[in-house]
K.L.:
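I'd like to ask some things about the structure below.
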Amino acid sequence: MASPTQNETVSPSSSTLWNSSLALPLSLLLFGLAIRLYFAHVFFLNPDEALHYLLSLQPDLQATYQATLPTSHPPLYIVFLHYWGYLGSSEFFLRLPSVLAATAFCWMVFRWVKLVATESAALICLTLLLFSPSLIYLSTELRQYAFVLLFSGAALLLLELGLTRNSPRFIMASGLALWLALLTHYSAVLVALTLGLYALWRITSSKIHGATLIAWVAAQFTALTIALVLFKTQVLQLKLRGRFAMAAETYLKRSSFHAGQEHAISFVLRATIRLFHYFFSQGAAGVAGLLLFLAAIVLLVRDRPQQNAFASSRQLAFLMTFPLLVNCALGLKDVYPYGGTRHSSYLAIFIFPAIAIALARLTTTRQWLKAASIGFVLLLCNLVPSPTGEYIRHRDQNRKQMLSAVNFLQKEAGPGSLIVTDNQGGLLLSYYLCGSKVVPFSGVVQHFSQAPCGHMQVFSLDPRQWIFHAGTFSNDLLALKAAFKLPSGQRLWVFQSGWLVDNEADFRAELKQFGCPATHDFGRNILACEISLP
C-alpha cells in the first residue's frame, strides 16, 4: 500500500473504467453536490438547526461567544453563522456553507486515498462518501458536522503531503486545519490524537527532520493548547452541570454503555454494527461494510512492508482502526458516544477509505459489474432507508409541510390565540412563525416559558424536558394553568413538530381527552390541534 500500484494490477478494461483523468470523479462530485443542494432547498429546518440559528442571533461577537458556552459544541461554527446570517436567513442560504464544506471534504479524502492507495480505491471511496445517506443528510444540516469533516479531511491530506514531501508549509497548513476542527466540534480531539500518533510513527520511521519536524511539534503544541482552553472554559462547566450525563440517559442512550444493564462485549458488538448501519442507513449494507472494513485491515496488516516516502500498509491499518478503538473505549466509559449517531460521523474519514481499499482488491473479470453493484447498493440505501437515531423522512421534512402548518395556525388560531408547544416545536415556531426566539436558552428555566409571537402568545416547555410525554401531559397542562392563572376551559392550540413524541399514540389519545377529536397533521412530524384546559 506504499504506492498507487503496489497492491493492484490494473487491466486495460479496468483502466478504462477507473479513468485516471478527473472527468469521472468531477462528474460524481457535481452529482453529489446537486443532490445536497436540492435537499438543502426542499427540507425545513429540524429543531437543532433552528437552535443553532437562534443562538447566532446576538448583537455582537462577545454575546455570540457567550451564547455558545452552555451548548455542547465549541464556538467557531455559531460565530461563523452569526456573520453569515447577515447576508441571508433562508434555509437554503444558511445551509449552503455546510453543503459546500461537506462536498469539499469528499474531495479531500479522495485526494488522500489517491496518495496512499490506488486510483480505483480513491474513486470507490469518493463514491461512498458522496452517496452515503447519512453523510448526505449531515451535509444539508445547519450544524457543525460538515465543517468538522472538512477541516479533519484537510488536516489528513495536508499532513500526508507534508510528510511525503518533507514540507513544513504543508505541515503548518495541516495544523491550521486541525485547529479549526478543534474549534468546531469535540470529535476533532479524537481526530487530533489519531493524526498525532500516525504522524509520530511516520516521523520515526522516515527521514523527517529540521524545519518540518519543528513545524509539526509547534502545530501539535498549539492543538493541545486549544483543547485545554476548551476543556477549561466549556467542557468542565458542561460536566459540572450534568449535561453529558443527561444526554447519555436520553437521546444518546443507545450509544452509551450502561453498566449493569448490558455486558461490555454486547455493547461493543451492538454499537459497532449500529455505527456501520448509520453510515449506510441499511442494516444489511452496514454489516457488509463492517466485514469489508475488517477485511481491509487484515489485508493491510499482511501486506509486505515497503521502503519509500508513502505510508506503509501497517501505518494505514493503525490510522483506520485506532479512532474506532478509542471511540469505543470512550463509549464504554460514558465519555463520548459510540454507535449509530451523528456524533460518530467523523469516523467516515477512516472507515470509508478502508472499505474502498477492500472493494478495490476484489478481483473480477468484469469490472463494470463491481461498479454497478456498488451503485445499486448505494441507490437502494438512499431510496429505501432504515436509519438509526433521529430521522425525519424526506417527504415529511418537505418545507411545504411546515409552510402549510404555519399558514394554518395564522388562519385558524388568529390574533390573541395561545399556543402551547414542547421545546423542539418552540424552536421551529421561533424561525417559521414568530420571527424571534420564543424558547429560553439560559437563566432560570421554569416548567413553561411565555413569549410573544406576533399577535399570539407561545408557552414553551422546559428545554430539559425537551418533548411532550404522554404520561405527564395532563400534569403539564395543570402546571401551565396554575403558573399563568389561566381559567378552566381556556382554549389553547397545541403545536408539535420535530423528530419524535414520546409514545405518540398515547399522546394523541391524551389530546382527545382535552377536546381535540382529530389532529391537523402536516406529514408525520407536524401536528396542530385546539384543546381546552381542564
K.L.:
Once side-chain hydrogen bond (donor to acceptor under 3.5 Å, both in side chains) is applied, what residue pairs with a partner in residues 187-197 remain, sequence neighbours excluded?
P.N.:
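As it turns out, the side-chain hydrogen bond (donor to acceptor under 3.5 Å, both in side chains) pairs with a partner in residues 187-197, which skip direct neighbours, are H185-S187.
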K.L.:
Given 3.5 Å as the limit, does a donor-acceptor pair link the side chain of S497 with the main chain of I526, or not?
P.N.:
no
K.L.:
Would you mind writing out the side-chain donor-acceptor pairs for residues 99-113 within the sub-3.5 Å range, not counting sequence neighbours?
P.N.:
from : atom 1 : to   : atom 2 : distance (Å)
T103 : OG1    : V99  : O      : 2.8
W112 : NE1    : E160 : OE1    : 3.1

K.L.:
What pair of heavy atoms forms the shortest contact from L94 to G88, and how long is it?
P.N.:
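In this case the closest contact between L94 and G88 is CD2-O, 3.5 Å.
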K.L.:
Can you check whether F279 and F352 have ring centres sitting under 6.0 Å from each other?
P.N.:
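Yes, the ring centres sit under 6.0 Å apart.
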K.L.:
Would you mind checking if E262 and R270 are paired as a salt bridge, meaning a charged N to carboxylate O distance below 4.0 Å?
P.N.:
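Looking at E262 together with R270, the answer is yes, because their closest N to O distance falls below 4.0 Å.
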K.L.:
Hey, could you give me each pair passing side-chain hydrogen bond (donor to acceptor under 3.5 Å, both in side chains) that has a residue in residues 278-295? Not counting sequence neighbours.
P.N.:
none
K.L.:
With distance as the sole test, does H277 use its side chain to make a donor-acceptor pair with the main-chain N or O of S386 at under 3.5 Å?
P.N.:
yes
K.L.:
Might you work through the side-chain contact (heavy atoms from CB on, under 4.5 Å) test for I171 and L161, ending with a clear yes or no?
P.N.:
CA-CA 8 Å; I171 292 294; L161 291 171; over 6 Å; no
K.L.:
Specify the closest pair of heavy atoms between H82 and L61, including all atoms of both residues, with the distance to one decimal.
P.N.:
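Here H82 and L61 meet closest at NE2-N, 4.4 Å.
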K.L.:
Mark yes or no for whether S404, through its side chain, and K400, through its backbone, hold a donor-acceptor pair below 3.5 Å.
P.N.:
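Side chain of S404 to backbone of K400, a donor-acceptor pair under 3.5 Å: yes, one is there.
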K.L.:
Mind telling me whether Y346 and Y336 have parallel, tilted or perpendicular rings, with 30° and 60° as the class edges?
P.N.:
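Correct class here is perpendicular.
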K.L.:
Give the minimum heavy-atom separation between T118 and A360, together with the two atoms involved.
P.N.:
OG1-CB, 4.2 Å
K.L.:
With under 30° as parallel and over 60° as perpendicular, where do the rings of Y145 and H73 fit, or are they tilted in between?
P.N.:
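Aromatic pair Y145/H73 classed perpendicular.
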K.L.:
Taking L149's backbone N and O only, do any of them form a donor-acceptor pair with S152's side chain (distance below 3.5 Å, no angle check)?
P.N.:
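Here the side-chain-to-backbone pair does not exist.
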K.L.:
Taking C-beta and beyond as the side chain, do Y83 and S56 meet within less than 4.5 Å on heavy atoms?
P.N.:
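SC-SC contact between Y83 and S56 ruled out.
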K.L.:
With sequence neighbours left out, write down each residue that passes ring pair (Phe, Tyr, Trp, His ring centres under 6.0 Å) with F147, or none if nothing qualifies.
P.N.:
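Checked F147 against ring pair (Phe, Tyr, Trp, His ring centres under 6.0 Å); matches are Y77, F80.
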K.L.:
Under the side-chain hydrogen bond (donor to acceptor under 3.5 Å, both in side chains) rule, what pairs show up with a residue in residues 374-383, not counting sequence neighbours?
P.N.:
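Applying side-chain hydrogen bond (donor to acceptor under 3.5 Å, both in side chains) to every pair that reaches into residues 374-383, excluding sequence neighbours, yields nothing.
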K.L.:
Run the ring pair (Phe, Tyr, Trp, His ring centres under 6.0 Å) test on Y198 and F318 for me, step by step, so that the C-alpha distance in whole Å, both residues' side-chain angles and the decisive distance to 0.1 Å come before the verdict.
P.N.:
CA-CA 8 Å; Y198 169 71; F318 167 81; 7.5 Å; no
K.L.:
Does Q144 reach the main-chain N or O of I78 with its side chain, forming a donor-acceptor pair under 3.5 Å?
P.N.:
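Between the backbone of I78 and the side chain of Q144 there is no qualifying donor-acceptor contact (under 3.5 Å).
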K.L.:
Can you check whether T64 reaches L55 side chain to side chain, under 4.5 Å on heavy atoms?
P.N.:
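No, every pair of side-chain atoms sits at 4.5 Å or beyond.
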K.L.:
What are the two closest non-hydrogen atoms of A296 and A358, and how far apart are they?
P.N.:
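Looking at all heavy atoms of both residues, the shortest contact is CB-CB, 3.9 Å.
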K.L.:
Under 3.5 Å, side chain of S312 to main-chain N/O of Q315, donor-acceptor pair present?
P.N.:
yes
K.L.:
Is R95 paired with E141 through a side-chain N to carboxylate O contact shorter than 4.0 Å?
P.N.:
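No, no charged N to carboxylate O under 4.0 Å.
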K.L.:
Mind running ring pair (Phe, Tyr, Trp, His ring centres under 6.0 Å) on F31 and F131 for me, showing each step along the way?
P.N.:
CA-CA 9 Å; F31 186 36; F131 304 111; 5.6 Å; yes
K.L.:
Has Q220 got a side-chain atom pairing as donor or acceptor with V217's backbone, closer than 3.5 angstrom?
P.N.:
no
K.L.:
Over 60° means perpendicular and under 30° means parallel, so tell me whether Y431 and Y53 are parallel, tilted or perpendicular.
P.N.:
perpendicular
K.L.:
With sequence neighbours excluded, tell me which residues meet side chain to side chain donor-acceptor pair (under 3.5 Å) with T212.
P.N.:
N166
K.L.:
Would you say the side-chain atoms of W499 pair up with the backbone N or O of N525, donor to acceptor, closer than 3.5 Å?
P.N.:
no
K.L.:
Please examine the side chains of I357 and L299, heavy atoms only from C-beta on, and report whether any two atoms are closer than 4.5 Å.
P.N.:
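Side-chain contact under 4.5 Å: no.
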K.L.:
Would you say L319 and L195 make side-chain contact, with heavy atoms under 4.5 Å?
P.N.:
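L319 reaches L195 side chain to side chain.
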K.L.:
Mind checking whether Y338 and T272 have side chains closer than 4.5 Å, heavy atoms only?
P.N.:
yes
K.L.:
Nearest heavy-atom pair of A199 and W216: which atoms, and what distance?
P.N.:
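Minimum heavy-atom separation between A199 and W216: CB-NE1, 3.3 Å.
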K.L.:
Taking the six-membered ring for Trp and the full ring for Phe, Tyr or His, determine whether the centres of H394 and F43 are under 6.0 Å apart.
P.N.:
yes
K.L.:
With side-chain contact (heavy atoms from CB on, under 4.5 Å) as the test, would you mind laying out the steps for L96 and L37 before giving the verdict?
P.N.:
CA-CA 8 Å; L96 185 58; L37 290 173; 3.7 Å; yes
K.L.:
Just by modelled atom types, is the L129 backbone N or O under 3.5 Å from a matching donor or acceptor in the S132 side chain?
P.N.:
no
K.L.:
For the backbone of A155 and the side chain of S174, can you confirm whether one donor and one acceptor N or O come within less than 3.5 Å of each other?
P.N.:
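Here the side-chain-to-backbone pair exists.
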K.L.:
Classify the ring geometry of W84 against F93: parallel below 30°, tilted from 30° to 60°, perpendicular beyond 60°.
P.N.:
parallel
K.L.:
Evaluate the ring planes of F267 and F257, with Trp represented by its six-membered ring, and classify them as parallel (under 30°), tilted (30 to 60°) or perpendicular (over 60°).
P.N.:
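Answer is tilted, since the angle falls between 30° and 60°.
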K.L.:
Take K114 and E119, measure what salt bridge (Lys or Arg N to Asp or Glu O under 4.0 Å) needs, and give me the verdict at the end.
P.N.:
CA-CA 6 Å; K114 283 188 70 173; E119 189 83 30; 3.4 Å; yes
K.L.:
Could you walk me through whether D396 and F522 pass the side-chain contact (heavy atoms from CB on, under 4.5 Å) test, one step at a time?
P.N.:
CA-CA 8 Å; D396 294 319; F522 305 88; over 6 Å; no
K.L.:
Does a salt bridge link E91 with R399, judged by any charged N lying under 4.0 Å from a carboxylate O?
P.N.:
yes
K.L.:
Within the 4.5 Å heavy-atom criterion, are P75 and L230 side-chain neighbours or not?
P.N.:
yes
K.L.:
Is any side-chain heavy atom of Q424 less than 4.5 Å from a side-chain heavy atom of D48?
P.N.:
no
